[in-house]
Amino acid sequence: MQNLIDLELVKKELKRKLPLKRYIHSLNVSNTAVKLCRVYNVCKDKGEIAGLLHDYAKYLSNDEMCKYIKEFKIEIDEVINSQKDLAHGLIGAELVKRKFKIQDLDILNSIRYHTTGRKEMTNLEKIIYLSDYIEPNRKFPGIEEIRKMALKDLNKATLMALDNTIKYIIIKGLLLHSNSLLARNNLILEMNASGNICPDIREDIRW
Ligand SMILES: [Fe+2]
Ligand SMILES: [Fe+2]
């Protein structure tokens, strides 16, 4: 893990770039991620940095977003194209890579995919996704259940957060990104893997 990142400099830059409320949210996500990293044996320095920087690109104008998408050759699909806010993770990862010389792929992917999730998320990706959802200032019915589950079962808690988000998207009539669906299915498959009734099914296949 690279440990050359000056966290004070990161915080100073965040304070300059984000409204106060979003800056506090970033600190909260970072602190929540550090706690979860301890529980799940993930490098807490990575959790701290990814949590701090996950919303780095949240307040770009539409023009700035389009400029960076072109400049960094970020591939966007029709869902992201019509809901540009979904791109703030993708752009943020590219910006922090350059601005703070962050090379760690796990940190970058945690920032990149924190809005949608994706198939085969690493534990750090799950932790950042979940921390964004349950940080102390988040308030909605059922959050305490997810906070409790977050300390017991990372997959289950991430799935609960994803399910709630997907339900909200559907109720609001918004577009659902396919990465969220892939993330959900993959989490369920991961959770079911130990109870797979035919683990060796491939060996039994005969043509
Ligand atoms: Fe975000
Ligand atoms: Fe966030």
Side-chain angles (χ1 to χ4, degrees), residues 7 10-11 13-37 42 44 46-62 64-66 68-69 72 74 76-77 79-97 99-100 102 106-118 121-140 142-143 146-147 150 154 157-158 160-169 172 174-180 182-184:
L7 285 179
V10 168
K11 287 180 190 171
E13 170 66 6
L14 275 178
K15 218 171 189 177
R16 193 185 66 77
K17 213 167 169 68
L18 302 178
L20 182 63
K21 202 176 163 193
R22 185 63 51 169
Y23 174 68
I24 293 168
H25 164 71
S26 302
L27 294 180
N28 284 343
V29 172
S30 179
N31 291 336
T32 307
V34 166
K35 278 183 203 161
L36 293 178
C37 282
V42 172
K44 68 173 181 54
K46 291 190 188 192
E48 186 173 22
I49 293 163
L52 277 176
L53 290 172
H54 79 286
D55 274 342
Y56 186 71
K58 180 83 180 167
Y59 290 88
L60 298 178
S61 67
N62 209 44
E64 285 172 313
M65 281 198 157
C66 292
Y68 286 131
I69 286 168
F72 301 146
I74 296 171
I76 57 162
D77 52 32
V79 175
I80 295 179
N81 196 35
S82 72
Q83 287 175 188
K84 285 268 183 357
D85 181 59
L86 287 175
H88 75 266
L90 305 176
I91 297 170
E94 296 300 326
L95 284 176
V96 304
K97 179 160 74 179
K99 175 91 185 167
F100 301 106
I102 295 174
D106 206 11
I107 294 176
L108 295 174
N109 282 338
S110 300
I111 296 169
R112 193 169 275 132
Y113 298 109
H114 82 270
T115 52
T116 57
R118 66 162 176 162
M121 295 164 84
T122 64
N123 276 356
L124 183 65
E125 288 175 48
K126 290 170 193 170
I127 284 172
I128 296 302
Y129 184 89
L130 192 53
S131 301
D132 194 19
Y133 199 74
I134 63 169
E135 61 96 340
N137 279 345
R138 299 282 200 205
K139 288 177 182 64
F140 52 83
I143 193 166
I146 305 179
R147 285 193 178 121
L154 184 59
T158 308
M160 288 163 86
L162 252 169
D163 277 354
N164 276 4
T165 305
I166 291 170
K167 281 181 216 161
Y168 175 84
I169 286 168
K172 287 282 173 188
L174 299 169
L175 291 166
L176 175 61
H177 196 274
S178 54
N179 273 350
S180 299
L182 291 171
R184 181 178 190 273

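Starting from 1, each residue takes its place in the sequence as its number. Counting convention: from 1, in listed order, for ligands and their atoms alike.
- Within the protein, the N, O or S atoms sitting under 2.8 Å from the Fe ion (ligand 1) are Asp55 OD1, His88 NE2, His114 NE2.
- Legend: residues meeting side chain to side chain donor-acceptor pair (under 3.5 Å) with Lys84, ordered by chain and number and at least two apart, are Asn81.
- Partners of Asp77 according to the side-chain contact (heavy atoms from CB on, under 4.5 Å) rule, which considers only residues two or more places apart in sequence or in another chain, are Val79, Ile80, His177.
- Evaluation of the side chain to side chain donor-acceptor pair (under 3.5 Å) rule for Asp163 yields Arg184 as partners, not counting sequence neighbours.
- A side-chain donor-acceptor contact under 3.5 Å links Arg147 to the backbone of Glu135.
- With Gln83 contributing its side chain and Leu175 its backbone, the two residues share a donor-acceptor pair below 3.5 Å.
- The main-chain N or O of Gly51 is never found under 3.5 Å from a side-chain atom of Ser30 such that the two would form a donor-acceptor pair.
- Per residue His25, closest N, O or S atom to the Fe ion (ligand 2): atom name NE2.
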